[in-house]
K.L.:
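Structure provided below as structure tokens; questions to follow.
Treat the numbers as computed from the prediction; the structure is a model and nothing was measured. The sequence lines fix the lettering, A, B, ..., with proteins before strands; numbering per chain opens at 1.
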Amino acid sequence: MKISLTVNGNLHTSEVEPRTLLVHYIREHLGLTATNVGCDTSSCGACTVHLDGEAVKSCTILAVQADECDVTTVEGLAKNGEMHPMQKAFMENHGLQCGFCTPGMVMAAISLLREIPNPSEEEVRIGLEGNLCRCTGYHNIVKSVLDAASKGAAGR
Amino acid sequence: MTGSILGNRVLRKEDPKFLTTGGQYVDDLLTEPLLAGAVHVTYVRSTVAHGRILSIDTSVAESMDGVIAVFTAESLGLQPENATYNPAAKRALLASDKVRFVGEPVAAIVTERPEQGEDAAEQVIIDYDVLEAVIDIEAAMETDTLIFDDIPNNVVFDTAAIGMPDISGDSFFDGCDVVVDGRFVNQRVAPCPLEVRGCAATWHDGRLVQWTSTQHAQGALKNIAKANGIDEALVRVITPDVGGGFGAKIGTYPEEVLLGTLAKQIGRPVRWRETRSESMVALGHGRAQIQYVRIGGSRDGQVHAVSAKILQDSGAWVDVGAVLAPFMTRPMLSGVYAIDRIECRTISIATNTTPTVAYRGAGRPEATALIERAMDLFAHELGLDPVEVRRKNLIAPFNEPHTTAIGQQYDVGNYEKSLDLVLERADYAALRAEQRARRERGDTKLLGIGVSTYVEITGGNSAGETARVEVQPTGRAIVYTGTSPHGQGHVTSWSMILNAETGIPLENIDVVWGDTDLVPVGGGTMGSRSLQQGGAAVHQAAVELIEKAKETAAQLLEASATDIVFDVDSAAFHVVGTPARSVGWSDVATASSPKEGIAHDTNFVAGGPTFPFGAHLAVVEVDRETGKTTLIKHVACDDAGKVLNPLILDGQIHGGIAQGAAQALLEEVRYDDDGNPITSNLADYAFISAAELPTFEVVHMETPTPRNPLGAKGIGESGTIGSTPAIQSAVIDALAHLGIRHIDMPATSERVWRALTSVST
């Protein structure tokens with residue numbers, strides 16, 4: 001099937017199999033490999049991207065469902081070589097270790113702040129429940145998100 | 001003098017890549033030229049826990065779309081090979097005669113696309129003569145069913161059988177006023193690195209090149225060479241970014257070492273990546289002990305004797321998990337306590353379950369859990385505060401090596417101080433008052449306070465570590481390290497160490513690891529060894545390189561090498577007394593070799609393992625009506641010696657605490673009676689999330705070790721070792737006034753609720 005969608009600001013028109021998942025389309029058709037696959041039950045959130053501005057697990061969406069949509073992956077966040085405030089907050093607060101969950105975690109965190117611009121710690125923890133990390137114990141991830149919120153990242 | 005960078009909170013150099021373009025994990029090597037035209041390998045896995053293979057029919061699968069070939073042990077001529085830790089255990093890389101656990105690879109399918117392999121795997125028909133599944137380790141020693149024909153009672157390793165002392169009788173507790181018994185289950189858990197296993201392999205110029213998600217490329221190389229029947233010089237292992245390991249990626253697995261053979265058979269590069277559901281049953285599991293403990297002492301709380309019989313589940317192979325109980329748990333049984341008499345026998349038993357391997361802490365969390373739970377039982381029996389019983393038995397501060405009754409020698413320790421720091425930060429007295437108040441008011445939410453004090457062993461598994469430092473004519477430096485970071489931040493830490501000695505700016509330093517052509521000798525990253533051995537090697541290489549560079553600087557400055565001094569702040573060499581005329585790294589490197597610069601290789605051998613220690617205090621709320629348990633506070637003091645980068649130190653502690661909390665409260669790998677795994681994906685396995693944890697409180701303490709010039713001990717596993725028993729203890733403490741003395745991990749709502757039900761009338 002033919003689909004046409006915008007990914008990180010670039011329009012792509014592609015021929016895909018109906019069963020192709022959005023995550024596989026992003027990774028294999030477009031070569032954008034920051035978005036990772038960590039499970040097969042939509043549990044881990046490593047594949048989280050933005051679909052029309054909202055966080056989705058791209059392993060739960062077919063590429064054909066994203067036809068005519070606007071997709072943002074972590075590769076699309078930095079502007080003119082400057083990291084998004086959430087990326088900066090993760091770096092400054094050591095919100096990542098092995099880096100595998102990080103792209104999905106950052107995308108989920110940005111989406112969370114769009115919903116709740118100044119969340120409490122508990123709201124961050126509940127908001128990120130669907131994104132698993134094995135390295136950080138979440139401590140510095142939560143700290144990163146709260147830090148980004150305090151610096152007004154919600155508007156970005 | 002601007003001062004050394006060491007000890008400062010330095011942001012990680014590796015982060016921008018992970019945050020913007022993502023890491024380059026093995027699955028991301030889409031444009032690697034050597035892998036052009038790669039095909040995909042899918043393993044057909046056993047669906048029964050124990051059975052004889054009667055036949056394997058691959059004909060339907062072979063005729064399916066995209067299927068290039070289907071291989072079995074027979075078609076590849078794979079012969080059974082001995083297990084490292086017990087040669088009587090034998091298996092082939094693909095199951096040949098028997099299958100011994102659900103998930104064991106039986107056949108390999110090579111297809112153009114991965115989904116074609118998944119489809120074809122379902123059409124490989126394997127006929128089994130299903131045998132009794134042996135799941136429980138105690139039952140395994142009693143049954144007539146043998147998992148390996150030549151291993152009686154399914155006992156694959158027994159300390160008593162290799163001449164280590166058995167546990168004695170009651171006389172061991174002569175003179176004790178009080179003797180308490182316990183049976184603790186240290187349950188099986190899944191390491192769950194977020195990146196599952198994956199590899200790519202190809203033959204290039206007569207050599208096998210394999211990318212693999214590993215903690216130890218140089219170790220993987222040996223196993224890959226052996227499995228392919230080729231000389232080690234004909235193998236190159238490359239480690240891309242690795243999305244976590246936690247011990248489970250130290251060794252190699254059949255699925256990985258077989259790929260070279262498959263690539264050769266097909267004549268094309270191959271890729272293999274397991275699914276999470278495969279990973280949950282085929283990546284090694286951790287822990288899995290049953291501990292029988294007896295502790296005795298006097299009424300004032302002094303412990304005199306501890307006796308332990310530990311049963312270790314080895315799973316369906318004799319991998320490293322089989323030898324953790326004897327060689328990692330047993331030696332650490334004295335914990336931080338001065339105990340006159342300790343004895344321990346460990347027995348490792350095969351079962352029809354996933355083989356056990358190292359998992360964060362690898363035998364030491366089990367040791368700490370054993371002695372800490374025993375101390376709690378002893379304190380409860382005496383009606384004494386568990387903190388005061390611990391304090392009474394702590395080994396006094398020592399700066400010279402201290403040897404425990406079981407024979408382990410610790411480097412340095414100041415255990416009481418770490419305990420005091422934690423009690424003070426948490427305000428222990430106030431917590432106890434709050435606990436009493438809630439009980440008196442009859443609150444639904446009970447408060448539980450758990451304290452653990454621990455010591456562990458790190459860097460105990462290596463004779464040395466290599467480092468090479470090159471300074472190029474441009475002045476840019478490259479560190480080649482035998483360690484293998486997969487989240488630990490070695491790029492930043494090793495750059496800091498080199499910078500501290502040479503003055504070369506952090507941004508001008510690159511770090512290389514995990515490529516066996518570039519780093520032929522290395523011990524990898526495991527056992528919290530990296531900084532104290534690999535980091536110390538970088539330090540040693542830098543110090544030696546400066547001495548070497550002085551020779552060149554002497555020629556440039558027309559002086560004697562003995563008159564050359566190196567000034568780290570200006571990163572330049574000059575003649576003593578005349579700093580105005582100096583030469584920098586670029587000058588020295590260019591003069592040494594205009595093309596290659598200057599380099600130095602070294603091998604650092606530590607003065608012995610180190611023994612990080614500390615104390616953890618956990619506070620939980622337990623809902624007495626539902627059993628729901630919530631960790632609401634966790635204070636940790638983990639003394640890892642001299643701290644290189646507090647940012648990274650704290651991150652390691654946090655991650656460790658979370659994995660301890662996960663084992664204490666949530667996670668358990670479970671099987672049904674027939675050996676079917678019932679926690680084989682992340683929907684069924686209770687992988688801990690952000691919503692189940694509080695923000696942690698970390699208290700710092702530094703007691704440097706004399707065993708390496710950095711004064712550093714390991715920190716990768718301490719958090720897990722200290723937190724697990726503290727949290728478990730907190731749950732039990734919440735219910736202690738009801739007469740509950742022990743609840744096995746994980747303290748799930750159901751299990752706590754059942755415990756509550758058992759005591760309420």
K.L.:
Measure the NE2-CD distance between A/His24 and B/Glu115 for me, rounded to the nearest 0.5 Å.
P.N.:
8.5 Å
K.L.:
Only pairs of heavy atoms separated by less than 4.5 Å count here; which of B/Gly487, B/Gly651, B/Gly489, B/Ala658 has the most with chain A?
P.N.:
B/Gly487
K.L.:
Under 3.5 Å, side chain of A/Arg134 to main-chain N/O of B/Pro191, donor-acceptor pair present?
P.N.:
yes
K.L.:
Side chain, backbone, both or neither: which part of A/Thr136 has a non-hydrogen atom closer than 4.5 Å to chain B?
P.N.:
backbone
K.L.:
Using 0.5 Å steps for rounding, measure from the CG atom of A/Asn93 to the CG atom of B/Leu647.
P.N.:
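Those atoms lie 8.5 Å apart.
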K.L.:
Donor-acceptor pair, A/Gln87 side chain versus B/Leu19 backbone, under 3.5 Å?
P.N.:
yes
K.L.:
Any idea which of B/Leu11, B/Thr275, B/Thr695 has the most non-hydrogen atom pairs under 4.5 angstrom with chain A?
P.N.:
B/Thr695
K.L.:
Give me the atom names and distance for the closest heavy-atom approach of B/Leu30 to A/Gly31.
P.N.:
CD1-CA, 4.5 Å
K.L.:
Does atom NZ of B/Lys628 have more than 12 heavy-atom neighbours from other groups under 6.0 Å away?
P.N.:
no
K.L.:
Give, as side chain, backbone, both or neither, the part of A/Val74 having an atom under 4.5 angstrom from any heavy atom of chain B.
P.N.:
both
K.L.:
Please name the pair of heavy atoms, one in A/Gly38 and one in B/Leu682, separated by the smallest distance, quoted to 0.1 Å.
P.N.:
O-CD1, 4.2 Å
K.L.:
Quick check on B/Asp241 against chain A: is it the side chain, the backbone, both or neither that has a heavy atom closer than 4.5 Å?
P.N.:
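Neither part, no heavy atoms under 4.5 Å.
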K.L.:
Checking B/Gln659 against chain A: side chain, backbone, both or neither under 4.5 Å from a heavy atom?
P.N.:
side chain
K.L.:
Looking only at heavy atoms and a cut-off of under 4.5 Å, which of A/His84, A/Met91, A/Glu129 has the most pairs with chain B?
P.N.:
A/Met91
K.L.:
Please tell me whether A/Asp40 and B/Ser277 have a donor and an acceptor in their side chains that are separated by less than 3.5 angstrom.
P.N.:
yes
K.L.:
Can you tell me which portion of B/Tyr25 sits under 4.5 Å from chain A's heavy atoms? Options are side chain, backbone, both or neither.
P.N.:
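Side chain only.
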K.L.:
Tell me, yes or no, whether the heavy-atom count around A/Glu15 atom CD, taken from other residues, nucleotides or ligands under 6.0 Å, exceeds 12.
P.N.:
yes
K.L.:
Report which part of A/Phe100 has an atom under 4.5 Å of a heavy atom belonging to chain B: side chain, backbone, both, or neither.
P.N.:
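The answer is both parts of A/Phe100.
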K.L.:
If you count heavy-atom pairs under 4.5 Å with chain B, which of A/Leu32, A/Asn36, A/Thr35 comes out on top?
P.N.:
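The answer is A/Asn36.
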K.L.:
If you count heavy-atom pairs under 4.5 Å with chain A, which of B/Gly655, B/Gly22, B/Pro193 comes out on top?
P.N.:
B/Gly655
K.L.:
Top residue by heavy-atom pair count (under 4.5 Å) with chain B, among A/Cys133, A/Gly130, A/Cys101, A/Gly99?
P.N.:
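If we count pairs closer than 4.5 Å to chain B, A/Gly99 comes out on top.
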K.L.:
What part of A/Arg19 lies closer than 4.5 angstrom to a heavy atom of chain B: side chain, backbone, both or neither?
P.N.:
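Just its side chain gets close to chain B.
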K.L.:
So what's closer than 4.5 Å to chain B heavy atoms on A/Leu96: side chain, backbone, both or neither?
P.N.:
both
K.L.:
Looking at A/Cys44 and B/Leu194, what are the two nearest heavy atoms and their distance?
P.N.:
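Scanning both residues completely, I find the closest heavy atoms to be CB-CD1, 4.3 Å.
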K.L.:
Give, as side chain, backbone, both or neither, the part of B/Pro16 having an atom under 4.5 angstrom from any heavy atom of chain A.
P.N.:
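Both parts, backbone and side chain.
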K.L.:
Which answer fits A/Glu92, side chain, backbone, both or neither, if we ask what part of it has an atom under 4.5 Å from a heavy atom of chain B?
P.N.:
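Both backbone and side chain of A/Glu92 come within 4.5 Å of chain B.
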K.L.:
Working note: A/Glu28 + B/Arg271, criterion salt bridge (Lys or Arg N to Asp or Glu O under 4.0 Å); need CA distance, chi angles, decisive distance, verdict.
P.N.:
CA-CA 14 Å; A/Glu28 286 154 35; B/Arg271 295 179 194 271; over 6 Å; no
K.L.:
Under 4.5 Å heavy-atom distance to chain B, tell me which part of A/Thr33 shows up: side chain, backbone, both or neither.
P.N.:
both
K.L.:
Is the side chain of A/Tyr138 donor-acceptor paired with the backbone N or O of B/Ile688 at a distance under 3.5 Å, no angle test?
P.N.:
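Yes, A/Tyr138 side chain to B/Ile688 backbone: donor-acceptor pair under 3.5 Å.
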K.L.:
Which atoms of A/Val37 are under 4.5 Å from chain B, going by heavy atoms: the side chain, the backbone, both sets, or neither?
P.N.:
both
K.L.:
In terms of relative ring orientation, are B/His654 and A/His139 parallel, tilted or perpendicular, with 30° and 60° separating the classes?
P.N.:
parallel
K.L.:
Quick check: closest heavy atoms across A/Cys135 and B/Arg360, and the distance to 0.1 Å?
P.N.:
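Taking every non-hydrogen atom into account, O-NH1, 4.5 Å.
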K.L.:
Look only at the side chain of A/Glu75 and the backbone of B/Thr20, and say whether a donor-acceptor pair between them is shorter than 3.5 Å.
P.N.:
no
K.L.:
CG/B/Asp650 to CG/A/Asn140 distance, rounded to the nearest 0.5 angstrom?
P.N.:
7.5 Å
K.L.:
Which atoms of B/Gln652 are under 4.5 Å from chain A, going by heavy atoms: the side chain, the backbone, both sets, or neither?
P.N.:
both
K.L.:
If you count heavy-atom pairs under 4.5 Å with chain A, which of B/Val196, B/Ile653, B/Asp684, B/Ile648 comes out on top?
P.N.:
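Maximum pair count with chain A is reached by B/Ile648.
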K.L.:
Can you tell me which portion of A/Met83 sits under 4.5 Å from chain B's heavy atoms? Options are side chain, backbone, both or neither.
P.N.:
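A/Met83 touches chain B through side-chain heavy atoms alone.
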K.L.:
Does the B/Arg12 side chain pair with the main chain of A/Gln97, one donor and one acceptor, at a distance under 3.5 Å?
P.N.:
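Flag set: sc B/Arg12 to bb A/Gln97 pair under 3.5 Å.
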K.L.:
Examine whether an atom of A/Glu121 lies under 4.5 Å from a heavy atom of chain B, and if so say whether it belongs to the side chain, the backbone or both; otherwise answer neither.
P.N.:
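The side chain, not the backbone.
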K.L.:
Enter the distance from B/Phe687:CZ to A/Leu132:CG here, rounded to the nearest 0.5 Å.
P.N.:
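One gets 4.5 Å once the value is rounded to the nearest 0.5 Å.
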K.L.:
Between the main-chain N or O of B/Ser689 and the side-chain N or O of A/Arg125, is there a donor-acceptor pair closer than 3.5 Å?
P.N.:
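No, A/Arg125 side chain to B/Ser689 backbone: no donor-acceptor pair under 3.5 Å.
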K.L.:
Are there more than 12 heavy atoms of other residues, nucleotides or ligands under 6.0 Å from atom CG of B/Asp65?
P.N.:
no
K.L.:
Once rounded to the nearest 0.5 Å, what's the spacing between atom CG of B/Asn681 and atom SG of A/Cys39?
P.N.:
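Between atom CG of B/Asn681 and atom SG of A/Cys39 there are 8.5 Å.
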